[in-house]
Amino acid sequence: MFSKTWFNDLDAKLRDMGLDSDDKSFDEIRENLSHPKKLSSDEFASCVSYVILAGGFSQKTAKKIHKIIMEKIPENQRIDDLLKIFNNKNKINAIVKIWNNRDKYCDGFYAIENTDDKIKYLQNLPHIGKITANHLARNLGIDVVKYDIWIQRLGVLYGGNPDLSEKIDNGNLNPEIKKLCDDMFNHLCDETTLPRGYIDVVLWKSCQNGLIKELKNG
């Protein structure tokens, strides 16, 4: 495990299964992390909205709902109408707020140069938390990792310290587990020469779809 061959095999299996995407395709994600482009305010709002919708849903469902909402919202921002598309008032309110303030939020993001400050900025957007901010940052072209449950489990497996499994927490990232995850990503970056954000999305998809048999789901 945790070799270039192992990683490339996971990547190939996901592509064969048609699972090579998040908001964008694997190739687009890789290119955007290697050569990030500046988004328009509309594109920025769409990107934020996708991440808001994606939490707790399959990629297929999130992409379907996201497409419909992004088609409707420029002309119809009535909450009741949008709730007919997706019945989650908190998320719909957040998406409408993002859309209505997209110029301000987009300009604010690109005015920041430091990566850590960019992520802190994203954490303060409507309905974006600490874990979600890293997901959003990666989709915006920042080469960072989303330390979610799957990645924490994989980091513990990489570190060979099963006792740390009890400290895995999606809302409160344990420093020891974070270090193991970072060590794992540093190792795989050296092995593959790929951006850590791309490695992250491939590993996450592989965990989610049961391709890493050594990983316990509980």
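The model shown is predicted, which means the values in this text are computed figures rather than measured ones. For the numbers below, each heavy atom of this structure counts, side chains included, while hydrogens, waters and symmetry mates do not.
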Asp182 side chain reached by Tyr147 side chain, heavy atoms, under 4.5 Å: yes
Within 45° cone and under 6.0 Å: Lys118 NZ/CZ vs Phe109 ring: yes
Asp22 side-chain N/O to Lys24 backbone N/O, donor-acceptor pair under 3.5 Å: no
Minimal non-hydrogen separation, Cys189 against Pro195, with atom names: SG-C, 4.4 Å
Main-chain N/O of Leu188 paired to Thr192 side chain as donor or acceptor, under 3.5 Å: yes
Gap separating the SG atom of Cys181 from the CG atom of Asn186, nearest 0.5 angstrom: 11.0 Å
Distance, nearest 0.5 Å, that separates CG of Asp27 from CG of Asp20: 7.0 Å
Heavy-atom pair with the smallest gap, counting every atom of Ile52 and Ala94: CD1-CB, 4.1 Å
Over 12 foreign heavy atoms within 6.0 Å of NZ, Lys63: yes
Side-chain touch Ser3/Glu191, heavy atoms, less than 4.5 angstrom: yes
Side chain to side chain donor-acceptor pair (under 3.5 Å) assessment of Tyr198 paired with Asp11: CA-CA 10 Å; Tyr198 181 74; Asp11 192 324; 2.7 Å; yes
Lys178 backbone acceptor or donor facing Gln152 side chain under 3.5 Å: no
Smallest separation among heavy atoms of Val156 and Asn161, with atom names: CG1-O, 3.2 Å
Lys84/Asp80 under salt bridge (Lys or Arg N to Asp or Glu O under 4.0 Å): CA gap, chis, key distance, verdict: CA-CA 7 Å; Lys84 294 176 183 177; Asp80 289 345; over 6 Å; no
Donor + acceptor pair across side chains of Ser46, His66 (<3.5 Å): yes
Value rounded to 0.5 Å, distance of CD1 in Ile65 from CZ in Phe86: 5.0 Å
Any donor-acceptor pair under 3.5 Å from Ser34 side chain to Glu31 backbone: no
Audit row: Ile95, Ile73, side chain to side chain contact (heavy atoms under 4.5 Å, CB included) steps and yes/no: CA-CA 9 Å; Ile95 289 170; Ile73 200 169; 3.8 Å; yes
Val51/Asp23 under side chain to side chain contact (heavy atoms under 4.5 Å, CB included): CA gap, chis, key distance, verdict: CA-CA 8 Å; Val51 171; Asp23 182 23; over 6 Å; no
Among Arg138, Lys146, Arg30, the one residue meeting salt bridge (charged side-chain N to carboxylate O under 4.0 Å, His left out) with Asp200: Arg138
Salt bridge (Lys or Arg N to Asp or Glu O under 4.0 Å) assessment of Asp42 paired with Arg102: CA-CA 7 Å; Asp42 284 13; Arg102 60 193 181 281; 2.7 Å; yes
Side chain proximity check, Pro74 to Trp99, heavy atoms < 4.5 angstrom: yes
Minimum side-chain heavy-atom gap Leu53-His127 below 4.5 Å: no
Plane angle bin for Tyr158 and His187 - parallel if under 30°, tilted between 30 and 60°, otherwise perpendicular: tilted
Worked check of side chain to side chain contact (heavy atoms under 4.5 Å, CB included) between Ile168 and Asn174: CA-CA 7 Å; Ile168 291 174; Asn174 180 276; over 6 Å; no
Straight-line distance of Leu39 CG to Leu140 CG, nearest 0.5 Å: 6.0 Å
Straight-line distance of Glu176 CD to Leu164 CG, nearest 0.5 Å: 5.0 Å
Ring centre gap for Phe2 and Phe7 strictly below 6.0 Å: no
Contact check, side chains of Arg196 and Val144, non-hydrogen atoms, under 4.5 Å: no
Pairwise side-chain contact, Lys97 with Tyr105, heavy-atom cut-off 4.5 Å (strictly under): yes
From Asn93, Asn88, Val96, Ile68, residue fulfilling side chain to side chain contact (heavy atoms under 4.5 Å, CB included) relative to Leu82: Val96
Sub-4.5 Å side-chain heavy-atom contact between Ile85 and Lys72: yes
Minimum-distance pair of heavy atoms, taken over all atoms of Ser206 and Leu10: OG-CB, 3.5 Å
Donor-acceptor contact below 3.5 Å, side chain Lys213 vs main chain Gly210: yes
Arg153 side chain reached by Ile151 side chain, heavy atoms, under 4.5 Å: no
Heavy-atom pair with the smallest gap, counting every atom of Asn32 and Asn139: ND2-O, 3.3 Å
N/O donor-acceptor pair under 3.5 Å between Asn209 side chain and Lys205 backbone: yes
Euclidean distance, Lys13 NZ relative to Met17 CE, rounded to 0.5 Å: 9.5 Å
Ser25 and Glu28 side chains, donor-acceptor separation under 3.5 Å: yes
Full working for side chain to side chain contact (heavy atoms under 4.5 Å, CB included) between Ile69 and Ile92: CA-CA 9 Å; Ile69 289 178; Ile92 290 296; 3.8 Å; yes
N/O donor-acceptor pair under 3.5 Å between Asp117 side chain and Glu113 backbone: no
Tyr110 six-ring centre to Lys38 NZ/CZ under 6.0 Å and within 45° of normal: yes
Short N-O contact, Lys179 and Asp183, less than 4.0 angstrom: yes
Closest non-hydrogen atom pair between Gln123 and Ala133, with its separation: CG-CB, 3.4 Å
